[in-house]
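Everything numeric here is computed off the predicted structure, so don't read it as measured data. No hydrogens, no waters, no symmetry mates; every other heavy atom, side chains included, goes into these values. Order of the sequence lines sets the chain letters (A, B, ...), proteins ahead of strands, with each chain counted from 1.
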Number of protein chains: 2
Amino acid sequence: MEITRKNFKDSLDIIYQAIDEAEFLAIDGEFTGISDGPTMGNLSNGLDMPAARYAKLRRHSMNFLLFQFGICSFRYNPNTLQYVTKAFNFYLFPRPPFRNSPDTTFVCQSSSIDFLANQGFDFNKVFREGIPYLSRDAEQELRDLLEERQRQANEAASSAAPVSPSTHVIPDEHKDYIAGIVQRVQEFLEDLACETMDLEPCTGYQRKLIYQVMNSRYPTGLHFETQLNNKKERYIVVTKASEEEKRRKEADKFVKEQDDLEDAVGFSKIVRAISASGKLVVGHNMLLDIMHSVHQFGSALPEDLNEFKELTNCMFPRLLDTKLMSSNHPFKEIIQFTQLGDLHRRLMESPFKVPTIESPENFPAYNTATEQLHEAGYDAYITGLSFITMANYLGTFMHPAKQHVTAQSALIEPFVNKLFLMRIIDIPYLNLTGPDPKPKRDNVLQVTFPKEWKTSDLHQLFSAFGGIQVSWIDSTSAFVVLSKKEQVPIAKNMCQDAETYQIRTYSEYCRWCACIPILSKNKVTTSTENKPWIKKRKHSVLECKINQSVAHQCMNWNGDAEPSTSPSQPKPLPISESDEEASKKAKVVADSVKKDWNKIGTGGQSSRKWETLKEEMCSEQSSDLFEVPENW
Amino acid sequence: MEITRKNFKDSLDIIYQAIDEAEFLAIDGEFTGISDGPTMGNLSNGLDMPAARYAKLRRHSMNFLLFQFGICSFRYNPNTLQYVTKAFNFYLFPRPPFRNSPDTTFVCQSSSIDFLANQGFDFNKVFREGIPYLSRDAEQELRDLLEERQRQANEAASSAAPVSPSTHVIPDEHKDYIAGIVQRVQEFLEDLACETMDLEPCTGYQRKLIYQVMNSRYPTGLHFETQLNNKKERYIVVTKASEEEKRRKEADKFVKEQDDLEDAVGFSKIVRAISASGKLVVGHNMLLDIMHSVHQFGSALPEDLNEFKELTNCMFPRLLDTKLMSSNHPFKEIIQFTQLGDLHRRLMESPFKVPTIESPENFPAYNTATEQLHEAGYDAYITGLSFITMANYLGTFMHPAKQHVTAQSALIEPFVNKLFLMRIIDIPYLNLTGPDPKPKRDNVLQVTFPKEWKTSDLHQLFSAFGGIQVSWIDSTSAFVVLSKKEQVPIAKNMCQDAETYQIRTYSEYCRWCACIPILSKNKVTTSTENKPWIKKRKHSVLECKINQSVAHQCMNWNGDAEPSTSPSQPKPLPISESDEEASKKAKVVADSVKKDWNKIGTGGQSSRKWETLKEEMCSEQSSDLFEVPENW
């Protein structure tokens, strides 16, 4: 169902109801761009630590606009054993709500716009009919502004002293014009048959002069109000009115402004309803969607990653990323390509079982036979389908097999609140409710070299060590991943007399960075001014400790004393099902995780993720550094 | 005539012909925004010096996109005594020309977008069908890139040593896929009936693997090429080809790339044609149009204002701004509102005479009865009409009256190459061919005060001096314009013991600024790297000296020994007409200028411009600082 400014208010009840009755919600966003950094490649160093990656995305991606938002609700019908879906495709545009309200600027990236244009994206619908929205902060500012204006109007009304005409000087060139207006108003006042009169449209300055002159000439008996005609020109309406009527008109105006503000909150109401529902929100490769959602509809993104995690937990307490799910055990063994369209197609084949879907009567439904990829509503829809298919696949591991795995099932817990990290080799996810996985990187070197060097020079330098993986940091340094950690001392030794380049182990590099913090170029602020989320800090620190403790238990349970280096271990956190069931599930998942764990080994071995990275980065032309996150 | 990517190439001849036969051209641009500065007000301090204003516009306006460009050619038909017009409305979009070419980002301002949306602007046409363009620098970079790629391809072909298969490792999960491709290609090679074969679409990484394997397996006999299907998926085409055919195919590919580059230059070709024609280019309030045109189609804007003037002179040797023309003598006395729509309507009335226009057969014409304001082509059209009307009005001052004043007439010379400066009280224009008018400002004070102060505090402080004009610099300082320069020492004296605030005369302030340069926040670079316009510097310095000398003569001719403080003196620079005529004209213009000059006095008196400024800045709500340059 397409939702624009035109049908938004009338559709609110339908949308709220869909959220209310849903078992879970799937979302997707379309943006005006991905990275406004100096080069695209900068956004994706394969060995970024989560805080550095977050800082890069915050810095180089948040100026783009999330301008289409898809929400698809999924409700299970136990009678038909089918899912009932309602997909909504929202067009968003930050139209300034009042004439004086702050203006929003946003960046567009021409490749992204061109991509969407080729997909038939309707930009006119966005810019002409987009639904407005306000962040919490912007809403509060506007609310304060309106209240201050109302307070001033009341004060002025109660002092009631008419302004002396002498304090207002009318410039010569406007004197005739104003004299004409005065005459018309006087005639109107004397014409008993007329109750109201429209003046001709005029400039803001002329209106200012008219208001000044009229307020001093006619302190009582007349009411003046600016209105907009259908040519978007402003004109003054004069009405005969008692003091009582004037007060009522002013009060009506205030109510109208409050209504306009409510309208301006617009789409943020939907996000708040999702937030309040506490329901599972499913997305595909959803880190950017979530960052944009927090930024546009919640609060400005904090600099600190942990503060971002807290804020996100407040807005979206339960998230699941189907890209992460499909990239990890037990799916990664049988799913080769995890881009949304590829994933959806793969999940239509054995061993997966496509869920049957019913659409409510009179509700437009998507047809997966005619793909509409990159329409946010459609992408949300197939993201939800993919989630159900994968969740039900997990159910087949149960004894007896579980036909319908719910969004509350402990089976999916290992994937909850973990967001996929694009193109990071050895950190599979951002953990929203605890510390992130800590990679060992004992086979990684950091090399500094002259700016003329290219990847081929590094391959040549390390040719004795077999295959290496190069990950550029900047124009004069890169990470080099060796195939075995035992090669590290040999490489360091071999190069110790070199003059043109320098080699550090990864841990040496980290210690060096701690002295010269270059990973994040943003200054760290210590002030808590204008950071409403800080208020929640105390509680969240407690939560964080709990999470750390849980995480630590899981690590131990995984047979690893330290936070793990493996790229993927779903960790079962049993909740909300019967003990017996949880126990069964835990065994299944634990067994498969352990099998997976043993297969991967203890670091140093090239992971599947690196291959995916190469695949996404490479094309037949070696200079092709252009990266398009796959939800484009 | 609407021009998009679809009909651009086919329309080139028509456009070139229109430029070629034109007496003059009128232009107009529509942008995605005006200012991305911290607040709108920052862009318009009424006492900005030209260099500071240029720096602000360069910093806060150039990230927006000029995405609709109107050009209207005007040719005088001496047989019918009418103008023949051809109006073109170009949609522009910086689509990345090649897969690997640098991406462009641009900023949108929501109020501007909303404004255009309300005018029915077609964003889909811009983003789906916009004509590409390249700056000179970007074009050169791409040309270098293509040539380097071609050089590498030739080198690789001439070395001809097939790459050893062992150097390419095929990851396990792709081995089956590649083996399948190898088998298909082998069968194709053996099938004598087939000359060409399309492989299935696949990922960039898979194509890379295929190219590697095929180049080592089949160094001769087969040609591989990536193509795009109508679903925008890339696939490889395999063709049986001799070495000769392969070389030819590679050469064809290079030619194709060169053609693509030509296409990518796109709209810049039109601007270059205008530039080469040297014809008069007329615009309305055209500083931003010109800055954007130089920036998008020429070179990145230099930091230095004088360098910008030189660059602009190279690209557009003859410019005329109808906003400046209509705001100055002899027009300002009879034209109250100078926004384009207002001006056009005013010029349809007495004493002006609307020129009659003919449209060429089969050429779509605009009808001024149904206004299409803010469509760039229409705005260019009525800008040109306004110019003709005003130029012909100047002709009525001649004895005998001149019916048709041409774009080459000395009558219009006083207005040539002077661009209107929005909302600067006492500097009427930016002089593109010489030093800018230097205001006296001997009645201006600069006041520094606590950040709690508002305009009303300043009015109160100076209440003893009658009306003042306040022009904010930042949150703790402002200019205060007194009505008489004689009040300056009294004001300074009165305030000398004050502790909370500080008062400087304008000249004290300038000396202080010279020590702490805060007017321009941009660092001044001394390097000439990447500044192609610097090459022209020597010649331009000479030109500049000539201009200074000419300007000085004019000043003297105006009876003023120093560069003038008056807001408006058209200066006749006789060219290209008979001596007799020039002499007559000079007398007319000189007389009227002198009359105007005497009326305005020697500074200190509130000029018309300040009233216009107030008018544009004010509305009935005092907090309304929102500024919309009027070509919006």
Rounded to the nearest 0.5 Å, what's the gap from [atom1] on [X] to [atom2] on [Y]? Could you check?
X: A/Gln109; Y: B/Thr104; atom1: CD; atom2: OG1; answer: 9.5 Å
X: A/His60; Y: B/Thr105; atom1: NE2; atom2: OG1; answer: 11.5 Å
X: A/Gln206; Y: B/Phe337; atom1: CD; atom2: CZ; answer: 4.0 Å

Checking heavy atoms, do the side chain of A/Asp122, its backbone, both or neither come under 4.5 Å from chain B?
both
Chain B heavy atoms under 4.5 Å from A/Phe93: which part of the residue, side chain, backbone, both or neither?
side chain
Which residue out of B/Val107, B/Ile236, B/Leu65 racks up the most heavy-atom pairs below 4.5 Å with chain A?
B/Val107
Among B/Phe121, B/Phe67, B/Phe123, B/Phe127, ring pair (Phe, Tyr, Trp, His ring centres under 6.0 Å) partner for A/Phe123:
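In the set B/Phe121, B/Phe67, B/Phe123, B/Phe127, the residue that makes a ring pair (Phe, Tyr, Trp, His ring centres under 6.0 Å) with A/Phe123 is B/Phe127.
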Other residues, nucleotides, ligands: >12 heavy atoms within 6.0 Å of A/Asp144 CG
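Yes - once you tally the heavy atoms of other residues, nucleotides and ligands closer than 6.0 Å, there are more than 12.
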Around atom CD of B/Gln460, are there more than 12 heavy atoms from other residues, nucleotides or ligands closer than 6.0 Å?
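Counting neighbours around CD of B/Gln460, 12 or fewer heavy atoms of other residues, nucleotides or ligands fall under 6.0 Å, so no.
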Pick out which of B/Ser112, B/Ser35, B/Ser110 makes a side-chain contact (heavy atoms from CB on, under 4.5 Å) with A/Asp103.
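Only one of B/Ser112, B/Ser35, B/Ser110 forms a side-chain contact (heavy atoms from CB on, under 4.5 Å) with A/Asp103, namely B/Ser110.
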So which of A/Ile210, A/Asn118, A/Asn63 has the largest heavy-atom pair count under 4.5 angstrom toward chain B?
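The answer is A/Asn118.
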With a 4.5 Å cut-off on heavy-atom pairs, point out which of A/Cys108, A/Gly120, A/Ala117, A/Gly130 contacts chain B the most.
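Option with the top pair count is A/Cys108.
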Which residues pass the side chain to side chain contact (heavy atoms under 4.5 Å, CB included) test with A/Glu141, not counting sequence neighbours?
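By the side chain to side chain contact (heavy atoms under 4.5 Å, CB included) rule, A/Glu141 matches no residue at all.
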